[in-house]
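Here is the structure we will look at.
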Amino acid sequence: MLAALTSSDIMALEDRYDCGVYPMQPVALVRGQGARVWDADGREYIDCMAGHGVANVGHANVVVNQAIIEQLGRLITCHGAVYNDQRALLLQKLVSIAPPGLERAFLCNSGTEAVEAAFKFARLVTGRKKIVAAMRGFHGRTFGALSATWRKEYREPFEPLVPGFEFVPYNRLDRMQEAVTEETAAVILEVVQGEGGVYPGEPDYLRGVQELCQERGALFIVDEIQTGFGRTGQMFACEHYGLRPDLMCVAKGIAGGLPMGAVLIGARVGALPKRVHGNTFGGNPLCCAAALATIGYIEAENLPQRAAERGAQLMAGLQAIQSPRIREVRGLGLMVGVELKEQAGPYLAALAERGVLALSAGPTVMRFLPPLVISAEEIDIVVARVAEVLNV
Ligand SMILES: *Cc1c(COP(=O)(O)O)cnc(C)c1O
């Protein structure tokens with residue numbers, strides 16, 4: 001057996017050999033269980049990163065692991081041009097849990113791929129070119145998805161991007177009314193803006209945008225990549241608002257941590273012509289089996305309900321912290337942001353020192369996306385640690 005690497009060994013190797021695109025946190029994780037993770041030196045953390053909102057069912061989930069192990073022994077790969085049992089069952093399952101009106105799905109391997117596919121489908125079926133997206137929105141890093149992503153630092157070095165994209169302020173229906181025309185193929189929105197700072201959409205806004213799209217013949221694309229699979233207290237955040245998108249992008253938590261994305265497709269799009277899109281790994285039996293087990297677990301354990309309860313506890317706890325450094329606490333379910341009046345980075349580092357891992361969402365927001373299986377006691381610990389670091 002190889003000698004186990006220490007945290008500093010791991011960091012030295014990655015710093016030397018990784019391409020370097022990630023701003024690294026000085027933590028080397030090697031194991032997880034539920035809402036806890038451990039570094040290579042045996043230090044324990046409560047994980048409010050969850051692999052960027054991926055581990056909704058918790059780390060090392062036995063039900064998901066068992067499904068993966070069983071599928072490994074049967075079939076890992078099967079191209080989308082050949083039928084497969086796990087894929088058939090997953091497609092049926094996805095449609096059955098999706099908001100009403102979504103009837104079919106395209107399977108891929110990540111969030112950004114789901115967004116790319118949705119844009120292609122929208123242009124194809126409407127014959128129109130324009131896509132309207134929101135300021136502060138995040139939809140991914142490949143050229144199409146990046147063209148709908150707001151942050152200048154992400155976009156500018158790679159211009160020219162895909163033409164036809166326009167940005168409007170989030171939660172401003174009047175500005176959306178000006179932007180959506182008979183040339184608009186689609187509007188894409190997050191229900192709760194995640195990377196942009198954890199901003200929930202207002203119900204009248206989201207429903208108003210949906211109506212506007214219907215009136216003007218544009219498709220309404222909802223990006224549920226971060227909000228989906230129980231995160232916000234419903235299986236999909238659309239359900240809080242009664243939304244019926246034409247295209248819904250999902251990924252992150254869908255397959256318990258294995259890479260997978262999907263676009264759910266509504267009646268206004270319908271079945272697509274042969275060969276207009278596709279990919280090699282999308283809908284592979286291994287990820288489909290993992291996704292089926294993940295969704296089954298989310299339903300059996302009623303994780304959306306638990307996210308609502310633990311999320312309310314987390315929000316209330318954070319809101320009760322008396323710190324002059326806090327500007328606002330906001331969120332939905334277990335997607336919670338604490339906006340500071342100063343940079344969040346040093347406080348996130350201090351929090352990690354105290355055994356709680358959390359994310360940023362823009363420069364001044366601390367973001368909490370724990371596994372939905374996190375316990376009430378663990379939430380209490382998170383709140384206590386946040387209070388400590390914001391009051392030193
Ligand atoms: C993470 C995320 C994406 C991109 O997903 P990847 O799997 O990283 O490509 C797109 N949209 C939203 C809202 C996200 O949170």
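Just so you know, these numbers use all the heavy atoms, side chains as well, and skip hydrogens, waters and symmetry mates. Counting starts at 1 for both ligands and their atoms, in listed order. What you see is a predicted model; the values in this text were computed from it and never measured.
Using 4.0 Å as the threshold, V115 has no heavy atom nearer than that to any atom of ligand 1.
An N or O contact shorter than 3.5 Å links F138 to ligand 1 by distance.
When the heavy atoms of K252, E195, H139 are ranked by distance to atom 15 (O) of ligand 1, first place goes to K252.
When non-hydrogen atoms are compared, ligand 1 lies under 4.0 Å from neither the backbone nor the side chain of A251.
Here the rule is side-chain hydrogen bond (donor to acceptor under 3.5 Å, both in side chains) with E195, and of R367, R136, R151, H139 only R367 fits it.
Ring centroid separation for the pair Y297 and F229 does not come in under the 6.0 Å cut-off. A distance below 6.0 Å separates the ring centres of F167 and W150.
Looking at P371 and L334, their side chains never come closer than 4.5 Å, going by heavy atoms from C-beta outward.
Listed by number with element, the atoms of ligand 1 under 4.0 angstrom from any heavy atom of T112 are 4 (C), 5 (O), 6 (P), 9 (O). Atoms of ligand 1 found under 4.0 Å from any heavy atom of G111, numbered from 1 in the order shown, are 5 (O), 6 (P), 7 (O), 9 (O). Of all atoms in ligand 1, listed by their number and element, those nearer than 4.0 Å to a heavy atom of E190 are 13 (C). Of all the atoms in ligand 1, the ones that sit under 4.0 Å from a non-hydrogen atom of D223 are 10 (C), 11 (N), 12 (C), 13 (C).
Using a cutoff of 4.0 Å between basic side-chain nitrogens and carboxylate oxygens, R128 and E183 are not scored as salt-bridged.
By the definition of a contact as any protein heavy atom under 4.0 Å away, atom 8 (O) of ligand 1 is not in contact.
Side-chain contact, Y45 with D39: a donor N or O sits under 3.5 Å from an acceptor N or O.
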Show the numbers, then the answer: is there a ring pair (Phe, Tyr, Trp, His ring centres under 6.0 Å) between Y241 and F236? CA-CA 10 Å; Y241 308 87; F236 296 105; over 10 Å; no
